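Note that this is a predicted model, so its numbers are computed, not measured.
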Amino acid sequence: MLETFLNLDGAFLLRLQDLRIPILNTFFSFYTQLGNIGLVWILLSAAMLLHPKTRKAGFWALIAMLFGFLCTNVVLKHLVARTRPWLVVEGLTHLVEEHDPNSFPSGHTCAAFACCVTWARFAGRRWVKVLCLALAVLMGFSRLYVGVHFPTDVIAGCAVGCFCALLSWAAQQEAEKRWRGRKR
């Protein structure tokens, strides 16, 4: 059963590779590298701290990403130690350099979902919520398009990121409950 999933993972990446075109190669290579070390999400969340209306969203997104980093990069990647796809899928080429040898789960996807789900939770307008989630989905897809993750890596990164966003929400509620208790 596991081997079937692994074969499907590789076959999907090879089919996706067949659909690559130069303009998308450039776009997805650039977009995926914005997620290196969670840079784009960290910078945008930190910028949100400067504005009172977005301060909570920025702060709790940073907390969610911290949880995601601990789960993904500190624990799961080393525990699972799954090899990058271009090293095991014959004929697959990757478009960007990836120096971490461990593939599962996708840290870029985890950070994107941890951050963007948190932002979406605080967003007042529906179109902003949709935009947040679209940015996260796009990051996950970019990891597949450039050939540095298997689909199951991205799905797991999405799940861990969403879990970390929920964990951040629970931490926020607990912190606010304690803060209200102190004010009495």
- Task: Not counting sequence neighbours, list each pair that qualifies as a side-chain hydrogen bond (donor to acceptor under 3.5 Å, both in side chains) and has a residue in residues 48-57.
- Result: K56-E176
ILVMFWY cluster, [X] and [Y] together (side-chain gap under 4.5 Å):
{"X": "L50", "Y": "F122", "result": "no"}
{"X": "V137", "Y": "Y31", "result": "no"}
{"X": "V80", "Y": "L8", "result": "no"}
{"X": "L24", "Y": "F12", "result": "yes"}
{"X": "V117", "Y": "W127", "result": "no"}

- Item | pair L131-C116: side-chain heavy atoms closer than 4.5 Å | no
- Tell me, do V146 and E98 make a side-chain contact under 4.5 Å, heavy atoms counted? no
Heavy-atom pair of closest approach, residues [X] and [Y]:
{"X": "G91", "Y": "L14", "value": "C-CD2, 3.9 Å"}
{"X": "G147", "Y": "L92", "value": "O-CD2, 4.0 Å"}
{"X": "F150", "Y": "V89", "value": "CE2-CG2, 3.7 Å"}

Can I get a per-line list of side-chain donor-acceptor pairs under 3.5 Å for residues 34-49, giving both atom names and the distance, sequence neighbours left out?
from	atom 1	to	atom 2	distance (Å)
N36	OD1	H108	NE2	2.8
S45	OG	W41	O	2.9
S45	OG	W119	NE1	3.3

Can you name the residues that form a side-chain hydrogen bond (donor to acceptor under 3.5 Å, both in side chains) with [X], not counting sequence neighbours?
{"X": "T118", "value": "none"}
{"X": "S103", "value": "H149, D153"}
{"X": "E174", "value": "R178"}

[atom1]/[X]: more than 12 non-hydrogen atoms of other groups inside 6.0 Å:
{"X": "I23", "atom1": "CD1", "answer": "no"}
{"X": "E90", "atom1": "CD", "answer": "no"}
{"X": "F27", "atom1": "CZ", "answer": "yes"}

- Query: Under the side chain to side chain donor-acceptor pair (under 3.5 Å) criterion, do S168 and R121 qualify, and how do the steps go?
  - Reply: CA-CA 11 Å; S168 172; R121 182 169 53 88; 4.5 Å; no
If I take atom [atom1] from residue [X] and atom [atom2] from residue [Y], how far apart are they, to the nearest 0.5 angstrom?
{"X": "C132", "Y": "F113", "atom1": "SG", "atom2": "CZ", "answer": "11.5 Å"}
{"X": "L133", "Y": "L138", "atom1": "CG", "atom2": "CG", "answer": "12.5 Å"}
{"X": "R20", "Y": "S29", "atom1": "CZ", "atom2": "OG", "answer": "8.0 Å"}
{"X": "M139", "Y": "F28", "atom1": "CE", "atom2": "CZ", "answer": "10.5 Å"}
{"X": "S106", "Y": "I155", "atom1": "OG", "atom2": "CD1", "answer": "11.0 Å"}
{"X": "D9", "Y": "T152", "atom1": "CG", "atom2": "OG1", "answer": "3.5 Å"}

- Item | Audit row: L166, W169, side chain to side chain contact (heavy atoms under 4.5 Å, CB included) steps and yes/no | CA-CA 5 Å; L166 289 174; W169 187 10; 3.9 Å; yes
Under 3.5 Å, which donor-acceptor pairs link side chains of residues 59-77 to any protein atom two or more places apart or in another chain?
from	atom 1	to	atom 2	distance (Å)
T72	OG1	G68	O	3.1
K77	NZ	N102	O	3.1
K77	NZ	P105	O	3.2

- Are any side-chain N or O atoms of R143 and backbone N or O atoms of G107, one a donor and one an acceptor, separated by less than 3.5 Å? no
- Item | Stepwise side chain to side chain contact (heavy atoms under 4.5 Å, CB included) check, T93 with W86 | CA-CA 6 Å; T93 58; W86 74 85; over 6 Å; no
- Query: What class does the angle between the rings of F141 and Y145 fall in, given that below 30° is parallel, 30 to 60° is tilted and above 60° is perpendicular?
  - Reply: tilted
